[in-house]
Protein chains: 2
Amino acid sequence: MPQPQIITESNARQKTLQWLESLQSNGYRLTSSRRAVVEVLATADQSLTAADLYRIGLERHKRLGLVSVYRTLEKLEELGLVQRVHRPDGCHAYISALEGHQHLLLCESCGRVEIFRGDNLKEFSRRLEGASGFEIHEHWLQFFGLCSQCH
Amino acid sequence: MPQPQIITESNARQKTLQWLESLQSNGYRLTSSRRAVVEVLATADQSLTAADLYRIGLERHKRLGLVSVYRTLEKLEELGLVQRVHRPDGCHAYISALEGHQHLLLCESCGRVEIFRGDNLKEFSRRLEGASGFEIHEHWLQFFGLCSQCH
DNA sequence: AGAGTTATTGAAAACAGTTTTCATTATACA
DNA sequence: TGTATAATGAAAACTGTTTTCAATAACTCT
């Protein structure tokens, strides 16, 4: 088992631009609502719910509607830029999908998310396939606890 | 990384009785509604939603109400007998919580669940705590795919 | 730049899943 | 068996999400 390696957000502004470009190059128009949602989520280091995004997004675009938040999230998810996070309470939150892979460390108190590498589940997954007869497509590895600022 | 080891359900009827006893010894009354929910969920090898349990439970107790399903699940969860499962689609399903530990293998098609042991995440978790500054409380390891009957 | 096309928007309504309310019923205990 | 009260189910209320639809704003073509 290799050493865990925390992945830090390098440049949030760059990510914002990438997402907007990606929306545009896929035929979607760039609107104030989409900009607001993208800017908030791409620069967040916490998982955010649709309601969170609406509340925060209103500060950037005061006519933002909750419906547009949902519709923007739908597109970002479809483009693979955003992924859903299932918190222990079961509620839907979103984070940027840096990696195809979902190895997450979530703060139970503030929702802060760290993404990391460093397990070795590929091999284990193959063995599990043999033992179970399943054809395994994906896995989730998520850790929950309190971040340094919350405890 | 040790060999994965599938945990099979040994005796579903025994589990049913244990759950009913546990409810009773915690001051809850044994009613037809609770019996129906417990019997269905304790003998299931799939994750079931509240609506599933209501539909199937009606066959055992034709006056069952959906509300009682929710209330029974609440109690079973509180007693640690049942745990929620988060499917990729985000919807809430329930399975019996054999282990304190949630190492699951879920079929994306039929919802069948296998529980297994055999990772070695304790050590990894400790290293991750050091690298991240988090105080880690729990982890989820879930694999998704198609079971042998579905592919 | 201006006009036209049409994707996108937000308000309201609809919808699905879950919880609360409350009068009635059924369980456990004396 | 009778009694106190926990538990029930129908209906209403609520929350989160999606759909509908007329108005608006973004891109395209000239």
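So that the names make sense, note that chain A is the first sequence line, chain B the second, and so on, each numbered from 1. Just so it is clear, the values below take in all heavy atoms, side chains as well, and ignore hydrogens, waters and symmetry mates.
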**Q** With respect to the side chain of B:Arg63, which nucleotide from C:dT19, C:dA26, D:dT8 is positioned closest?
**A**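 Nearest to the side chain of B:Arg63 among the choices is C:dA26.
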**Q** What is the distance from atom OH of B:Tyr94 to atom CD of B:Gln83, rounded to the nearest 0.5 Å?
**A**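 Answer for the OH-CD pair, B:Tyr94 versus B:Gln83, is 11.5 Å.
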**Q** For the aromatic rings, using the six-membered ring if either is Trp, is the centroid distance between A:Phe116 and B:Phe134 under 6.0 Å?
**A**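 No - the distance between ring centres of A:Phe116 and B:Phe134 does not fall below the 6.0 Å cut-off.
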**Q** Whether A:His61 contacts C:dG10 is assessed here as follows: a side-chain N or O lying under 4.0 Å from the phosphate OP1 or OP2. Is that the case?
**A**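 So the side-chain polar atoms of A:His61 do come within 4.0 Å of the phosphate oxygens OP1 or OP2 of C:dG10, strictly under.
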**Q** State, with a plain yes or no, whether a side-chain heavy atom of A:Lys15 is found less than 4.5 Å away from one of A:Ser96.
**A**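 When only atoms from C-beta onward are counted, A:Ser96 and A:Lys15 do touch, with a gap below 4.5 Å.
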**Q** Taking atom P of C:dT21 as reference, at what distance in whole Å does atom OH of B:Tyr70 sit?
**A**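 The answer, rounded to whole Å, is 18 Å.
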**Q** Under 4.0 Å from any atom of DNA chain C, heavy atoms only: list the residues of residues 16-28 of chain A that qualify, in numerical order.
**A**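 Output list: A:Tyr28.
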**Q** Is B:Arg34 close enough to D:dA7 that one of its side-chain N or O atoms is under 4.0 Å from OP1 or OP2 there?
**A**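 Looking at the OP1 and OP2 atoms of D:dA7, one of them is under 4.0 Å from a side-chain N or O of B:Arg34.
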**Q** Of A:Arg13, A:Arg34, A:Arg60, which meets salt bridge (Lys or Arg N to Asp or Glu O under 4.0 Å) against A:Glu39?
**A**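 Per the salt bridge (Lys or Arg N to Asp or Glu O under 4.0 Å) rule, the option paired with A:Glu39 is A:Arg60, out of A:Arg13, A:Arg34, A:Arg60.
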**Q** Could you state the atom-to-atom distance from CZ of B:Arg35 to C1' of D:dT8 in whole Å?
**A**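 Going from CZ in B:Arg35 over to C1' in D:dT8 covers 15 Å.
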**Q** Could you please spell out the steps behind the side chain to side chain contact (heavy atoms under 4.5 Å, CB included) verdict for B:Leu104 and B:Ile115?
**A** CA-CA 5 Å; B:Leu104 306 177; B:Ile115 297 171; 3.8 Å; yes
**Q** In this structure, how many angstroms lie between the P atom of C:dA14 and the CG atom of A:Leu66, rounded?
**A**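 The answer, rounded to whole Å, is 18 Å.
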**Q** Before you tell me yes or no, could you show the steps for B:Lys75 and B:Thr72 under side chain to side chain contact (heavy atoms under 4.5 Å, CB included), namely the whole-Å CA-CA distance, both residues' side-chain angles and the distance that decides it to 0.1 Å?
**A** CA-CA 5 Å; B:Lys75 265 120 196 127; B:Thr72 302; 5.7 Å; no
**Q** Using only side-chain N and O atoms of B:Ser33, determine if any of them is under 4.0 Å from OP1 or OP2 of D:dG9.
**A**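 So the side-chain polar atoms of B:Ser33 do come within 4.0 Å of the phosphate oxygens OP1 or OP2 of D:dG9, strictly under.
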**Q** Using whole Å, what does the distance between atom C1' of nucleotide C:dT8 and atom CG of A:Leu30 come to?
**A**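 Nearest whole value for this atom pair: 12 Å.
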**Q** When you get a sec, tell me which of C:dG10, C:dT18, D:dG16 is the closest nucleotide to the side chain of B:Ala50?
**A**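 That would be C:dT18.
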**Q** Measure OH/A:Tyr54 against P/D:dT17 and give the value in whole Å, please.
**A**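 Going from OH in A:Tyr54 over to P in D:dT17 covers 14 Å.
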**Q** For A:Lys75 and D:dT18, what is the distance between atoms NZ and P respectively, to the nearest whole Å?
**A**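 Interatomic distance, NZ of A:Lys75 to P of D:dT18: 11 Å.
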**Q** CD of B:Glu74 versus P of D:dA6: gap in Å, rounded?
**A**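 Taking CD of B:Glu74 and P of D:dA6, I get 16 Å after rounding.
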**Q** Take the protein atom CG of B:Leu76 and the nucleotide atom P of D:dA7, then report the distance between them rounded to whole Å.
**A**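 For the pair B:Leu76 CG and D:dA7 P, the rounded distance is 13 Å.
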**Q** Quick one: label A:Arg71 by what it contacts on the DNA or RNA (base, sugar-phosphate, nothing), any heavy atom closer than 4.0 Å.
**A**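 It contacts base atoms.
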**Q** Is A:Thr31 close enough to D:dA26 that one of its side-chain N or O atoms is under 4.0 Å from OP1 or OP2 there?
**A**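 No, no such contact exists.
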**Q** Any idea which of C:dT8, D:dA6, D:dA11 is nearest the B:Arg29 side chain?
**A**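 The answer is D:dA6.
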**Q** Please work out whether the ring planes of B:Phe144 and A:Trp140 are parallel, tilted or perpendicular, with thresholds of 30° and 60°.
**A**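 Geometry flag for A:Trp140 against B:Phe144: perpendicular rings.
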